[in-house]
Amino acid sequence: QVQLVESGGGLVQAGGSLKLSCAASGRTFSRLGWFRQDPGKERDFVAAIHWTGALTYYADSVKGRFTISRDSGKNTVYLQMNSLKPEDTAVYYCAASGKTHYTGSSTFTSRYEYEYWGQGTQVTVSS
């Protein structure tokens, strides 16, 4: 049974930092990603990483502020979020895929390329 368990969300002031974790279990994954969603809006791509760590992708809105990484020994992916802004407020979801095809960057950035999702963790950035 595949499980993705997120942790690390919370309330932080603008300019602060948070680190999200996602413990993945149940099968071998090829890529993991983080997405975020505001109520009534679509789930947007934030960052993604190949399981080997060889490839990473970031949304333009978070480049230079967020860093995705993984610890293969712990089967865990992290999202270090620095210089947080109120517009980063959202529910953050961990996503994973076991598919091994690659058709370009959308393989990592499209939410339709991920079969497994965590329950989400709330991140709130106050101004």
Side-chain angles (χ1 to χ4, degrees):
Q1 181 182 358
V2 172
Q3 280 193 315
L4 302 178
V5 180
E6 300 115 331
S7 60
L11 173 64
V12 65
Q13 287 189 328
S17 299
L18 281 175
K19 187 174 184 177
L20 305 183
S21 300
C22 174
S25 62
R27 66 159 295 168
T28 301
F29 302 102
S30 60
R31 56 186 176 273
L32 296 102
W34 289 95
F35 291 74
R36 64 188 182 188
Q37 187 171 23
D38 282 331
K41 296 186 178 180
E42 292 190 348
R43 192 167 295 186
D44 293 330
F45 169 73
V46 176
I49 188 168
H50 189 270
W51 187 247
T52 63
L55 290 172
T56 57
Y57 295 85
Y58 294 94
D60 288 343
S61 58
V62 307
K63 279 181 183 176
R65 301 188 298 122
F66 291 11
T67 303
I68 189 170
S69 62
R70 95 278 178 264
D71 183 333
S72 57
K74 295 182 179 179
N75 284 350
T76 300
V77 62
Y78 304 98
L79 185 67
Q80 177 67 48
M81 305 185 293
N82 298 329
S83 302
L84 283 161
K85 304 174 181 179
E87 51 263 43
D88 294 317
T89 296
V91 177
Y92 283 70
Y93 294 90
C94 176
S97 175
K99 300 174 184 177
T100 57
H101 71 283
Y102 179 75
T103 55
S105 59
S106 63
T107 309
F108 285 80
T109 63
S110 171
R111 64 184 185 271
Y112 301 109
E113 293 285 355
Y114 293 86
E115 311 94 275
Y116 308 107
W117 293 86
Q119 80 285 357
T121 185
Q122 177 71 46
V123 171
T124 302
V125 184
S126 63
S127 56

**OP:** Would you name the heavy atoms of Ser21 and Thr76 that are closest together and state the gap between them?
**Re:** CB-CG2, 4.3 Å
Original post:
Only one of Val46, Thr67, Leu79 forms a side chain to side chain contact (heavy atoms under 4.5 Å, CB included) with Val62, so which one is it?
Top reply: Val46
Original post:
Could you go step by step and tell me if Phe29 and Val2 meet the side chain to side chain contact (heavy atoms under 4.5 Å, CB included) rule?
Top reply: CA-CA 10 Å; Phe29 302 102; Val2 172; 3.8 Å; yes
Subject >> Gly98 versus Ser30, closest heavy-atom pair with distance >> reply: C-OG, 3.7 Å
Original post:
Where the side chain of Arg31 meets the backbone of Phe108, is there a donor-acceptor pair that is under 3.5 Å apart?
Top reply: no
Original post:
Counting only heavy atoms not in Lys99, do more than 12 fall under 6.0 Å of its NZ?
Top reply: yes
Original post:
Which atom names give the shortest non-hydrogen contact between Pro86 and Ser127, and what distance separates them?
Top reply: CG-CB, 3.9 Å
**OP:** Check the pair Tyr93 / Leu4 against side chain to side chain contact (heavy atoms under 4.5 Å, CB included), numbers first and verdict last.
**Re:** CA-CA 9 Å; Tyr93 294 90; Leu4 302 178; over 6 Å; no
Subject >> Heavy-atom donor-acceptor pair, Arg43 side chain to Gln37 backbone, under 3.5 Å >> reply: no
**OP:** Examine distances only and state if a side-chain atom of Glu6 and a backbone atom of Gln119 form a donor-acceptor pair shorter than 3.5 Å.
**Re:** yes
Original post:
Just wondering, do Val77 and Trp34 contact through their side chains at under 4.5 Å, heavy atoms?
Top reply: yes
Original post:
Quick check: does any side chain N or O of Asp38 sit under 3.5 Å from a backbone N or O of Lys41, one acting as donor and the other as acceptor?
Top reply: no
Subject >> Interatomic spacing from CZ in Arg36 to CE in Met81 - rounded to 0.5 Å >> reply: 9.0 Å
Original post:
Do Gln13 and Ser126 meet the criterion of a side-chain donor-acceptor pair at a distance under 3.5 Å?
Top reply: no
**OP:** Calculate, to the nearest 0.5 Å, the distance between atoms CD and CG belonging to Gln122 and Leu11 respectively.
**Re:** 9.5 Å
Original post:
Are Phe35 and Tyr114 close enough that their ring centers fall under 6.0 Å?
Top reply: yes
Original post:
Is Arg70 reaching over with its side chain to a backbone N or O of Thr52, donor-acceptor style, under 3.5 angstrom?
Top reply: yes
**OP:** Give a yes or no on whether the backbone of Gly104 and the side-chain of Thr107 come within a donor-acceptor separation of less than 3.5 Å.
**Re:** yes
Original post:
Rounded to the nearest 0.5 Å, what separation is found between the OG1 atom of Thr56 and the CD1 atom of Ile49?
Top reply: 6.5 Å
Original post:
Would you find a donor on one side and an acceptor on the other, under 3.5 Å apart, between the side chain of Tyr58 and the backbone of Ile68?
Top reply: yes
Original post:
Under a single-linkage definition using a 4.5 Å side-chain heavy-atom cutoff for Ile, Leu, Val, Met, Phe, Trp and Tyr, are Leu55 and Phe45 assigned to the same hydrophobic cluster?
Top reply: yes
Original post:
Minimum heavy-atom separation for Val12 to Leu84, with atom names?
Top reply: CG1-CD1, 3.6 Å
Original post:
Would you say Ser97's side chain and Glu115's backbone share a donor-acceptor pair under 3.5 angstrom?
Top reply: no
Original post:
Are Lys85 and Asp88 within salt-bridge range, i.e. N to O under 4.0 Å?
Top reply: no
**OP:** Would you kindly confirm whether Trp51 and Leu20 end up in one hydrophobic cluster when ILVMFWY residues are joined by side chain heavy atoms under 4.5 Å apart?
**Re:** yes
Subject >> Exercise: do Arg27 and Tyr116 side chains pair donor with acceptor under 3.5 Å >> reply: yes
**OP:** Look at the rings of Phe66 and Tyr92 and say which category their plane angle falls in: under 30° parallel, 30 to 60° tilted, over 60° perpendicular.
**Re:** tilted
